[in-house]
Structures are given as structure tokens and as C-alpha cells.
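Working notes, beginning with the structure itself.
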Amino acid sequence: MSKYYDLSEDAIKTFNDIFKKKAFPVDVKFHFTGDSKQKNLIKVSKIPDIYAADNALGKELTISINEDLMTVFDEESVQILIEQEIDKISINIDNGKIKLIKPDLTTFSGLITKYGIEKVSKANQVEELYDQQKKDGDDEFIV
């Protein structure tokens, strides 16, 4: 059995319904595929510019979904996981260029349980601010 397959219309509709609730300034063209070996429910990948630019595929992003996992998760978990991937999509309004960004909070669940999401988030933001100021050449650290 092949690892890749055509996604069901229900899976595509679920993704599109969630995507439409997000505010994107331009139309994004998706290529959908099923991936039975994928360990995550959903993965968003950028199609290389060489293929997107010459319109060989006519798509800009690949959305791969493991439908077996979709049937195991409850509706709210599916919603969260799809939104989490959609939030990685960043579009430059001026030139329409699409890029995928890293999440703004990456941590361990044990730390969230111990300190709470607000404290962990604040600590990560302080760390990012320090790194940015270091890159910008600031001598003084300001919080």
C-alpha cells in the first residue's frame, strides 16, 4: 500500500472551513495529499518557488493529513491541530510571498503545568527580546 493517497472531500472540507475563519489577505492555493505514515495529524509545507513560480503545479502550499489520526482525535483536538499549522503561514502583503514561520511558544507541558502558560510565555518573550536586541547591537537590555 502506498503511503500517499488522495484525501477525502470531508478532510479537505474540514481544513478549508477552519482556514476560512482565519484572516488572510490573499488567496492561497493548496495541494492536498493524504499521508498514512505521517506521525502528525497535519503538516503544512511550502512548495519550492521553482515549481510555484512557473505554475507547474498551480499551488503554493502542500497540506498533508493523516486521516487515520483525524478519525481518532476528537473534533476540538482536530480544530486545534489544524489551526496550529495554519498559524505557521505568513504572507507578505506587498509582494504576496508566502513563508512558514516557527510557533511563538515552544516548551514542555510539564513547565506549563508547573508555572502556567502566561509565565512560560512571558519568559520566552523576554528571551526572544534579549536575542533580538543582541542581534541589533544594543548594549543595554530593556524589558
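Between Lys59 and Ile47 the shortest side-chain heavy-atom distance falls below 4.5 Å. The closest side-chain heavy-atom distance from Gln79 to Ile18 is below 4.5 Å. You'll find the side chain of Ile98 stays beyond 4.5 Å of the side chain of Phe24, heavy atoms only.
Note: Phe30 and Phe19 have perpendicular aromatic rings, judged against thresholds of 30 and 60 degrees for the angle between ring planes.
Follow the hydrophobic side-chain contacts under 4.5 Å out from Leu100 and you reach Ile42 in the same cluster. Ile112 and Ile80 fall into different hydrophobic clusters, where Ile, Leu, Val, Met, Phe, Trp and Tyr residues are linked whenever their side-chain heavy atoms come under 4.5 Å apart, directly or through other members. When hydrophobic clusters are built by joining Ile, Leu, Val, Met, Phe, Trp and Tyr residues whose side-chain heavy atoms come closer than 4.5 Å, directly or via intermediates, Ile86 is grouped together with Val26. At a threshold of 4.5 Å between side-chain heavy atoms, the hydrophobic network of Ile, Leu, Val, Met, Phe, Trp and Tyr places Val72 and Leu81 in two separate groups. Ile117 and Tyr115 fall within a single hydrophobic cluster, where Ile, Leu, Val, Met, Phe, Trp and Tyr are joined by side-chain heavy atoms under 4.5 Å apart, directly or via other members.
For the residue pair Leu69 and Lys39, the shortest heavy atom distance occurs at CD1-O, 3.5 Å.
Interatomic distance, Lys99 NZ to Ile91 CD1, rounded to the nearest 0.5 Å: 12.0 Å. For the atom pair Glu60 CD and Ile89 CD1, the distance stands at 10.0 Å (nearest 0.5 Å). Atom OG of Ser90 is separated from atom NZ of Lys102 by 14.5 Å, given to the nearest 0.5 angstrom.
No donor-acceptor pair under 3.5 Å is formed between the side chain of Ser64 and the backbone N or O of Gly34. Not a single donor-acceptor pair under 3.5 Å links the side chain of Asp35 to the backbone N or O of Asn66.
Checking Lys13, Glu67, Met70 one by one against Leu7, the side chain to side chain contact (heavy atoms under 4.5 Å, CB included) holds for a single residue, Glu67.
Within 6.0 Å of atom CG in Asn95, more than 12 heavy atoms from other residues, nucleotides or ligands are found, so the atom counts as buried in its surroundings. Counting heavy atoms of neighbouring residues, nucleotides and ligands inside a 6.0 Å radius, atom CD1 of Ile101 exceeds 12 of them.
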Q. Is there a side-chain contact (heavy atoms from CB on, under 4.5 Å) between Lys46 and Leu61 once you walk through the steps?
A. CA-CA 5 Å; Lys46 189 167 181 316; Leu61 295 173; 4.1 Å; yes

Q. Going through the checks in order, is the side-chain contact (heavy atoms from CB on, under 4.5 Å) test met by Thr33 and Ile63?
A. CA-CA 6 Å; Thr33 188; Ile63 309 300; over 6 Å; no

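When the ring pair (Phe, Tyr, Trp, His ring centres under 6.0 Å) test is applied to Tyr4, no partner is found at least two apart in sequence or on another chain. A search for side chain to side chain donor-acceptor pair (under 3.5 Å) contacts involving Lys22 returns Glu83, Asp87, not counting sequence neighbours.
Residues Ser77 and Asp74 bring a donor and an acceptor atom of their side chains to less than 3.5 Å of each other.
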